[in-house]
Amino acid sequence: MRRREFLSLLGGAASASPIDSVLVHEHVLVDFVGADQISPGRYDPKEVFRLAKPKIEELKQFGCRRLHDCTPNFLGRDPELLARLSDATGIQIWSNTGLYGAANHKYLPEYAKTETPAQLAKRWLAETRESWHPRFIKIGVNRGPLNELDRKLIRAAAITSRESGLTIASHTGDGAAALEQLEIVTDEKVAPVKFVWVHAQNERNHELHEKIARAGAWVEFDGIGPKTIEFHLECVNFLRAKGLARRTLISQDSGWYHVGEPGGGEFRGYTYLYSDFLSRIEPAQIPLLMWENPRAAFGM
Ligand SMILES: [Zn+2]
């Protein structure tokens, strides 16, 4: 679907402005080398800028106002590069604080293994006061039952959320891990609405999607792409049928410049959701999923 069709789908003439929207889970750059080897010198930020800028600019025609870069620290997070891309494109790009424990802790620095949740939270809270202002907490945990290190990360995230007001987006292995995290979050006196279950499409049991959404947390079906579109539609429609559209988030988990691959490897764009997915859901859902829910979950 091209822009004209997208706009007419929204009920306006093709000359009307597209609706405002937010992409809650994308990436500009990722480096999977591991926490013990990662360093800023492993890529040329000018090259990443040159490749990423046109991909982000493509979003303007669809009304995208903001993109959340979900690459955590020690996986290639580069707030300076993101700020430059944001300035150059006019699309806000939000970065994050936190640590990624998924993939069996390969991307965790050594200190994460020895420090307490309060110590980790202290580090993340210090980052929230830096000039580049992380706007959400991004962590990653493995499948449930969670091990001690994963439990520590979610507890640190909850403390950080309680102190800063920032929302936690947690890369989560499965529904069991989502439930366990939500327990820790509420145990730390943080409201469920501050917790986003990232990659909820990896859990095939819709009952768990419903359970987390009913508890008041956000269920994020990201990774929308040509290969997965049918299951993503099923997930979104399931929660809608249960009256839980107001707890649903969608995004693509797309991008990105792969550090270590020639020319950054395959940089997927960010427009598939607009060009193909939105025409398959009920039009009244679009402003909710693309604008109201992201802002309710993460702030304005
Ligand atoms: Zn991601």
Side-chain angles (χ1 to χ4, degrees), residues 22-35 38 43 48 51-52 55-56 59 64 66-79 81-82 85 91-108 134-143 150 153-154 157 166-174 177-178 181 195-203 217-229 231-232 235 248-261 264-273 277 289-290 293-294 297-298:
V22 176
L23 290 174
V24 292
H25 191 123
E26 309 295 338
H27 298 269
V28 168
L29 173 149
V30 182
D31 186 351
F32 288 112
V33 74
I38 200 157
Y43 58 91
V48 185
L51 290 166
K55 300 285 189 199
I56 296 167
L59 285 168
C64 178
R66 189 169 100 201
L67 176 151
H68 296 184
D69 181 84
C70 291
T71 300
N73 200 6
F74 297 94
L75 255 170
R77 187 190 67 183
D78 187 339
L81 171 67
L82 299 179
L85 282 165
I91 291 179
Q92 283 186 47
I93 304 178
W94 283 13
S95 187
N96 64 83
T97 186
L99 287 172
Y100 186 88
N104 294 319
H105 312 125
K106 182 179 177 200
Y107 305 105
L108 286 179
R135 302 295 294 266
F136 60 104
I137 303 156
K138 171 75 193 290
I139 60 165
V141 301
N142 298 284
R143 295 176 73 86
D150 290 328
L153 292 177
I154 182 65
L166 297 184
T167 294
I168 304 159
S170 178
H171 167 118
T172 296
D174 60 1
Q181 288 181 96
F195 178 74
V196 179
W197 173 7
V198 171
H199 305 325
Q201 71 276 5
N202 291 344
E203 172 59 64
W218 296 95
V219 181
E220 181 185 288
F221 303 112
D222 41 55
I224 292 173
K227 289 183 196 141
T228 64
I229 185 166
F231 187 65
H232 276 93
C235 291
T248 307
L249 295 167
I250 57 173
S251 205
Q252 299 162 113
D253 202 9
S254 195
W256 54 66
Y257 184 97
H258 299 71
V259 176
E261 292 184 23
E266 186 204 356
F267 198 128
R268 291 173 294 139
Y270 304 107
T271 59
Y272 180 81
L273 191 155
F277 187 80
L289 294 174
M290 297 304 295
N293 286 356
F298 289 96

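Each ligand, and each atom within it, is numbered from 1 in the order the structure gives.
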- line: Sorted by chain and residue number, the side chain to side chain donor-acceptor pair (under 3.5 Å) partners of Q181 (sequence neighbours excluded) come out as S170, T172
Exam field: side chain [X] to backbone [Y], donor-acceptor pair closer than 3.5 Å:
X    : Y    : answer
R77  : N96  : yes
H258 : W256 : yes
S95  : P134 : no

- request: For the residue pair F221 and S251, establish whether any side-chain heavy-atom pair is separated by less than 4.5 Å.
  value: no
- line: Total protein N/O/S atoms sitting under 2.8 Å from the Zn ion (ligand 1), waters ignored, is 3
task: Could you label the plane-to-plane angle of the F267 and Y270 rings as parallel, tilted or perpendicular, counting under 30° as parallel and over 60° as perpendicular?
output: perpendicular
